[in-house]
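Here the structure is laid out as structure tokens; the discussion comes afterwards.
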Amino acid sequence: MDRIDPLGDLRRGEYCGKLRASDVGRELVLCGWVQRRRDHGGVIFVDLRDRTGIAQVVFKPDTAPAAHARAESLRSEFVLAVRGRVEARAPDAANPNLPTGEVELLADEVRILNTASTPPFPIEDDIEIDEEVRLRHRVHDLRRPCMQRSLELRHRLLQSVRRTCTELGLLEIETPNLTRATPEGARDLLVPSRLQPGSFYALPQSPQLIKQMLMAAGFDAYFQIVRCFRDEDGRSDRQLEFTQIDLELSFVGVDEILELLEEITVRGFRETLGVELERPFPRLSFAEAMARFGSDRPDTRIQLEIVDLSDVLAGSGFKVFSGAIASGGVVRALPVHDADSLTRGDLDRFESEAKNWGARGLAWVRVAADGSWQSPIAKFLSDAEREKIAERSSLRPGSLVFFGADREPVVCKVLGRLREALGARLERFDGRAWDPLFVVDFPLFKEDEQGQLSYMHMPFVAPLEEDIELISSEPLRVRATHYDLVLNGVELGSGSLRNHRSSVQLEILEALGYSEAKARDRFGFLLDALDAGAPPHGGFAFGFDRMSLLIAGGDSLREVIAFPKTQRMQDLIMDAPSRIDPEQLQELGLRVRLPRGEPK
RNA sequence: GGGGUGGUAGUUCAACUGGUUAGAGCACCGGCCUGUCACGCCGGAAGUUGCGGGUUCGAGUCCCGUCCGCCCCGCCA
């Protein structure tokens, strides 16, 4: 019905959100979307929106009757070019809530560049719309100011990182997306090969090995902003495809790399938020982080710390405690002072959470105003034990202390998460907005659930030089050169020095259960590259999406990814993944066999 | 794969223990209105209650199955 006008020779003279009192008198064209139309029968007001903000356009029947007549047909989200003159608003007509509120554009001419279907929800911040609706109508969702802001911040962070790396002499080099499956931990996303039916490419989980080959090739400082893929179930902080700032340097030690990471991070915050992070970032050993905070990515702003009680409870008559220690575990406690606001119901909820995290139970002691202990387990503890617990936990009236007794990793996980939950519930923060730190000195290996030796991060991490001799004898004692960058309890990324001697690399692979033949079969290209004269090297990878999320603020990666996938890794915008034609399958030498039922 | 939670108009929600024609705000459509900015006033249209089956005289409501979103565990740095 509505006539659609050509843009013709109209060109935008200013962004809507940029109009200021200093623009009064300018004749210019604004382009944008109709946020809202207020039709007074005579005068018509239109809020015109672009990615910078909103400006008010006025259509008057007496000054521009044709434009006014056209304006009557305007609807939400119509796309306009409006030519007119910027005028100052009368003081009582100004809108102090808008940056552009002192002025308005008096329209001479309006061109409707496109009409628009009715938006499924208002294009505003602070609306509560079901996530599925937002994803299905992502175009509208992305028009909301907060999304525009988030993606712009992400852009500025990206540019900042790229600039910093470039200025520091790192070369940006691209690596293939169609690569070979390597056992880096996660499930690979596979791409079938047409020319070699039955064979598959794997999308990179990270460019780890290929960047090591760049080091061997003599590109002694590399970085890349690179898409990576891991075929695992989604979380609010995990997407199937995600972006890494990947970097690697030769002829350096850990300190030089950490300094570079600090520089990238500090400049990133400065150039996006204008925030100046305090340097140097504190360094925490893995052992200390786990002991005090129960996490390898602690938020040290939370003013709660774990204490160890293993030594005082090893001989306890309470078998839950002494038994855990006897079988090689630990007993630790998380004291919380001034905890009267926590009800018995809260404690029960925390216990059920703890069970969800792997605990068998969650013992607690509460100190009443008269100093007496209210606790389901107090009767099992001797006076001496109670005294020691009270001393080490600094208990006083109003204190509450939670106990964890199990294998050390379980206790750390449970008390660590409990610490975060309690910190949030009781608002025990020290007031700092930003808490960057490095966690260093990770172990090289760990034992998995079945007691099998496995790598902590990945099999290419170099051990500390003095621990190399322990690889075959006492692998669990081998310390790694691995480090993590942690910000506000979020792991922003991790890195390490890598094995540049094939002998050490082979020794580690053998400790992990690879025979030399198998190691050469899977990683021959890496071992050959090392043998070709690889220099000592190491690097890092930032989780760029998480970094963007911290800067933009929000709870989910979906807020900083233009077109994210759902938890089940579906793309609701394009409706992917989708079925494909039988011809395409045939060409790839594939036949689909669904787990149940007939292929649809 | 498992646990939790939700799915009713475009959207956000309501509908007590099963009971008349499934309601309301916003949005939408029409009319009126010359300084609004969450404009206002009058009127209107709008529903496969996610889907399938069952119980019942009767199902949005109860039962079974299934699909989807979100949070979490597993998995994954």
Side-chain angles (χ1 to χ4, degrees), chain A residues 35-48 54-63 68 72 75-77 87 89-98 100-101 104 106 117-124 126-137 140 184-188 205-206 208 228-240 242 244 296-297 352-358 413 417 421 439 442 446 448-449 455-458 461 482 484-486 490-496 540-543 546 555-556 558 565-570 572 575 595-597:
Chain A
Q35 177 71 21
R36 195 168 267 117
R37 181 185 62 125
R38 291 179 294 280
D39 186 343
H40 286 246
V43 66
I44 295 173
F45 299 97
V46 167
D47 290 339
L48 198 64
I54 285 176
Q56 177 165 281
V57 178
V58 191
F59 295 90
K60 290 185 179 172
D62 34 8
T63 55
H68 179 267
E72 285 177 339
R75 295 292 181 272
S76 289
E77 300 308 303
E87 306 224 308
R89 298 204 209 172
D92 60 330
N95 184 348
N97 301 319
L98 282 181
T100 60
E104 61 195 8
L106 181 60
S117 49
T118 301
F121 47 79
I123 311 301
E124 299 165 358
D126 306 317
I127 51 171
E128 277 185 36
I129 301 289
D130 190 83
E131 192 80 24
E132 186 176 355
V133 175
R134 288 182 55 193
L135 288 176
R136 288 199 190 281
H137 301 278
H140 289 100
E184 276 177 70
R187 205 173 288 122
D188 285 306
Q205 296 185 25
S206 81
Q208 179 58 36
C228 301
F229 304 84
R230 290 180 189 160
D231 188 5
E232 302 294 343
D233 291 1
R235 285 287 188 285
S236 53
D237 62 348
R238 267 173 18 204
Q239 281 270 323
L240 159 127
F242 59 100
Q244 281 190 352
D296 62 356
R297 45 169 187 78
S352 87
E353 281 280 353
K355 285 179 175 164
N356 198 16
W357 298 327
K413 181 176 181 177
R417 292 193 181 201
V439 178
F442 282 83
K446 65 174 181 188
D448 66 20
E449 305 298 308
Y455 53 83
M456 188 92 174
H457 292 92
M458 56 168 192
V461 176
H482 186 96
D484 277 359
L485 172 56
V486 176
V490 175
E491 184 202 305
L492 273 195
S494 53
S496 64
F540 192 79
F542 283 94
R546 290 183 184 179
D555 296 322
S556 163
R558 293 184 298 273
K565 292 183 176 45
T566 68
Q567 194 158 37
R568 298 187 68 251
M569 293 310 178
Q570 284 189 297
L572 298 183
D575 204 14
R596 285 180 288 199

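Quick caveat, the model's predicted, so the values are computed rather than measured.
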(request) Round to a whole Å and report the spacing from CD of A/Gln570 to C1' of B/C67. (result) 10 Å
(message) Using only modelled atom types and a 3.5 angstrom limit, is any donor from either the side chain of A/Arg134 or the base of B/U11 paired with an acceptor on the other?
(response) no
(message) Measuring to OP1 and OP2 of B/U36, would you say a side-chain N or O of A/Arg36 lies under 4.0 angstrom away?
(response) no
(request) Could you let me know what B/G74 is paired to, Watson-Crick or G-U wobble, both distances under 3.5 Å, or none if it's on its own? (result) none
(message) Does the structure show A/His40 stacking with B/C39, if we require the centres to be closer than 5.5 Å and the planes to be within less than 30 degrees of parallel?
(response) yes
(message) Among B/A77, B/C37, B/C73, which nucleotide has an atom closest to any side-chain atom of A/Arg89?
(response) B/C37
(message) Measuring only the P atom in each nucleotide, how far is B/A22 from B/C28? A whole number of Å is fine.
(response) 26 Å
(request) Taking atom P in both B/G53 and B/C16, compute the distance separating them and give it to the nearest angstrom. (result) 25 Å
(message) Is the phosphate of B/C70 approached by A/Lys565 (side-chain N or O, under 4.0 Å from OP1 or OP2)?
(response) no
(request) Give a yes/no answer on whether the side chain of A/Arg38 brings an N or O atom under 4.0 Å of OP1 or OP2 in B/C39. (result) yes
(request) Could you measure between the two C1' atoms, the one in B/G35 and the one in B/G30, and give it in whole Å? (result) 25 Å
(request) Measure from CD1 on A/Ile129 to P on B/A9 and round the result to the nearest Å. (result) 13 Å
(request) Please determine, for B/C41, whether a Watson-Crick or G-U wobble partner exists with both distances under 3.5 Å, and give it or none. (result) B/G31
(message) Is there a side-chain contact between A/Thr566 and the phosphate of B/C68, meaning an N or O under 4.0 Å from OP1 or OP2?
(response) no
(request) Determine which nucleotide pairs with B/U61, using a 3.5 Å limit on both distances of a Watson-Crick or G-U wobble pair. (result) none
(request) Counting Watson-Crick and G-U wobble pairs only, both distances under 3.5 Å, name the nucleotide matched with B/C26, or none. (result) B/G10
(request) Whole angstrom is fine here: how far is it from CD in A/Glu124 over to P in B/U12? (result) 14 Å
(message) Any side-chain N or O of A/Gln205 below 4.0 angstrom from OP1/OP2 of B/C76?
(response) no
(message) One thing to verify: whether A/Arg38 and A/Asp47 come together as a salt bridge, which I'm taking to mean a side-chain N less than 4.0 angstrom from a carboxylate O.
(response) yes
(message) Between P on B/C73 and NZ on A/Lys355, what's the gap in Å once rounded to a whole number?
(response) 18 Å
(request) Return yes when atom CG of A/Asp126 has more than 12 non-hydrogen atoms of other residues, nucleotides or ligands closer than 6.0 Å, and no otherwise. (result) no
(request) Using the C1' atoms only, state how far B/U34 lies from B/G40, rounded to an integer number of Å. (result) 13 Å
(message) Rounded to whole Å, how long is the line connecting atom CD of A/Gln567 with atom P of B/G3?
(response) 15 Å
(message) Is the phosphate of B/C70 approached by A/Arg558 (side-chain N or O, under 4.0 Å from OP1 or OP2)?
(response) yes
(message) Between B/C63 and B/U55, how far apart are the two C1' atoms, rounded to whole Å?
(response) 7 Å
(request) Using both distances under 3.5 Å as the test, list the Watson-Crick or G-U wobble partner of B/C16, or none. (result) none
(message) Determine whether the aromatic ring of A/Phe45 stacks with the base of B/U36, defined as ring centroids separated by less than 5.5 Å and ring planes inclined by less than 30°.
(response) yes
(request) State which of B/C70, B/G35, B/G74 makes the closest approach to the side chain of A/Asp233. (result) B/G74
(request) Taking only the side-chain nitrogens and oxygens of A/Arg187, find out if one of them lies under 4.0 Å from OP1 or OP2 of B/G74. (result) no
(message) Roughly how many Å apart are B/A14 and B/C33, using the C1' atom of each and rounding to a whole number?
(response) 34 Å
(request) May I ask you to verify whether the side chain of A/Glu132 and the base of B/G6 hold a donor-acceptor pair under 3.5 Å? (result) no
(request) Between B/G69 and B/C32, how far apart are the P atoms? Round to whole Å, please. (result) 47 Å
(request) Could you give the distance separating B/G23 and B/A15 at their C1' atoms, to the nearest angstrom? (result) 7 Å
(message) What is the distance, to the nearest angstrom, from the CG atom on A/Leu135 to the P atom on B/C68?
(response) 15 Å
